Amino acid sequence: MLLYFRTGVRRVWLLPTLFQAIKGRSRKFYCSMAEAAPSYEDIQKISDFLLTKTKHRPKIAVICGSGLGGLADIVEDQNAIDYKEIPNFPRSTVPGHKGRMVFGLLAGKTVVCMQGRFHPYEGYPLWKVALPVRVFKLMGIETLFVTNAAGALNSSFNVGDIMLMKDHISMPGLAGDNALKGHNEDRFGPRFPAVSDAYNSELRQLARDIGKELGFESFMQEGVYVQVGGPSYETIAECKLLRMLGGDAVGMSTVPEVIAARHCGIRVFGMSLVTNMVVMDYDAKGTVNHEEVLETGKRRAQDMQKLVSKMIAQLPGQ
Ligand SMILES: O=P(O)(O)O[C@@H]1C[C@H](O)[C@@H](CO)O1
Ligand SMILES: Nc1nc2[nH]cnc2c(=O)[nH]1
């Protein structure tokens with residue numbers, strides 16, 4: 001049997017060469033096929049699987065942003081399930097996102113916390129980034145808290161500020177990419193959902209009231225979150241553009257989850273932690289980095305936890 005052939009003085013081994021060729025071709029083949037979004041029934045299976053792993057039956061879900069996963073650690077009587085144990089579920093690949101679904105009690109209410117989310121820049125299509133929200137819906141979730149780390153575009157903000165999200169601008173959305181793109185599953189919601197009221201105003205008022213009670217007024221803001229694709233941070237010119245468009249903070253997540261939640265009738269409260277000021281000045285010395293983002297997250301973590309816990313304790317209707 002011919003195991004190798006010669007090119008000049010080099011031996012080329014046949015089997016490894018053949019194996020590499022097949023691998024290359026099949027990768028090309030798979031990359032050329034867009035992965036189909038799971039059906040309602042597939043999502044139901046993920047939801048049923050999770051409910052077999054816990055006695056808890058939450059109506060409230062929390063998605064923790066970069067460096068903000070500590071909230072899940074204070075959940076009592078908890079059952080934590082690694083994403084890798086969940087069939088047909090994505091994996092977290094970003095530092096600061098542990099990759100666990102934590103069920104239990106927060107401020108006496110039953111909750112589920114995602115300790116780690118999925119981002120488009122990890123290579124996930126937007127429907128996959130938003131998949132957990134649909135799983136939540138089929139588990140019975142009625143209210144979703146989303147948190148994220150973001151850079152301030154608004155120069156009156158400071159590092160460590162908490163920005164209540166009152167609206168968003170989705171750059172991928174405006175360019176034609178949306179978590180709801182493709183076949184519409186009517187059992188989740190309509191083909192053309194409105195999102196002008198995406199961020200629940202009652203919940204924002206509750207956050208403002210509790211923020212006042214806690215003495216957080218000096219670092220609580222309200223504003224517009226701009227979603228970009230990442231993973232590179234923004235150029236100076238891009239920051240200037242996003243500010244001109246009306247953005248107060250910029251990040252790489254949250255909007256796909258919010259759109260999927262509103263589509264299926266889940267009410268949403270969103271909050272950004274300002275982890276850095278974006279660079280707007282060509283003479284500026286520093287640049288943004290993810291370590292700085294995680295560090296600020298740690299410093300403000302306790303305050304964010306207090307705010308979310310108190311809100312959950314006083315949540316109307318739950
Ligand atoms: O998951 P979030 O939006 O909190 O993470 C932000 C955006 C990027 O993933 C990362 C950049 O530092 O932090
Ligand atoms: N796009 C973006 N995401 C962030 N997440 C935390 N800070 C930033 C930032 O400055 N830009």
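These numbers come from a predicted model, not from an experiment. Just so you know, ligand 1 is whichever comes first in the structure, and atom 1 is the first atom listed for that ligand.
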*asked:* Between Y83 and F118 (judged by ring centroids, cut-off 6.0 Å), do the two rings come close enough to count as a pair?
replied: yes

_ligand 1 to H119 polar contact by distance, N or O atoms, under 3.5 Å_ = yes

*Atom-level proximity to ligand 2, residues with heavy atom under 4.0 Å*: A149, A150, G151, V228, Y233, E234, V250, G251, M252, T275, N276, V278, V293

*Output yes when the distance from some N or O of ligand 1 to some N or O of S253 is under 3.5 Å, and no in every other case.*
yes

*asked:* Over 60° means perpendicular and under 30° means parallel, so tell me whether F219 and F216 are parallel, tilted or perpendicular.
replied: tilted

*Can an N or O of T254 be found at a distance shorter than 3.5 Å from an N or O of ligand 1?*
no

*Under 4.0 Å from any heavy atom of G65, which atoms of ligand 1 are there?*
4 (O)

*Is Y233 in polar range of ligand 1, meaning some N or O pair under 3.5 Å apart?*
yes

*Have Q221 and D161 got a donor and an acceptor in their side chains that come within less than 3.5 Å?*
yes

*Considering the heavy atoms of Y121, write down every atom of ligand 1 situated less than 4.0 Å from one of them.*
8 (C), 9 (O)

*Do A149 and ligand 1 have an N or O pair less than 3.5 Å apart?*
yes

*Under 4.0 Å from any heavy atom of H290, which atoms of ligand 1 are there?*
10 (C), 11 (C), 12 (O), 13 (O)

*Residue portion contacting ligand 1 (non-hydrogen atoms closer than 4.0 Å) for V293*: side chain

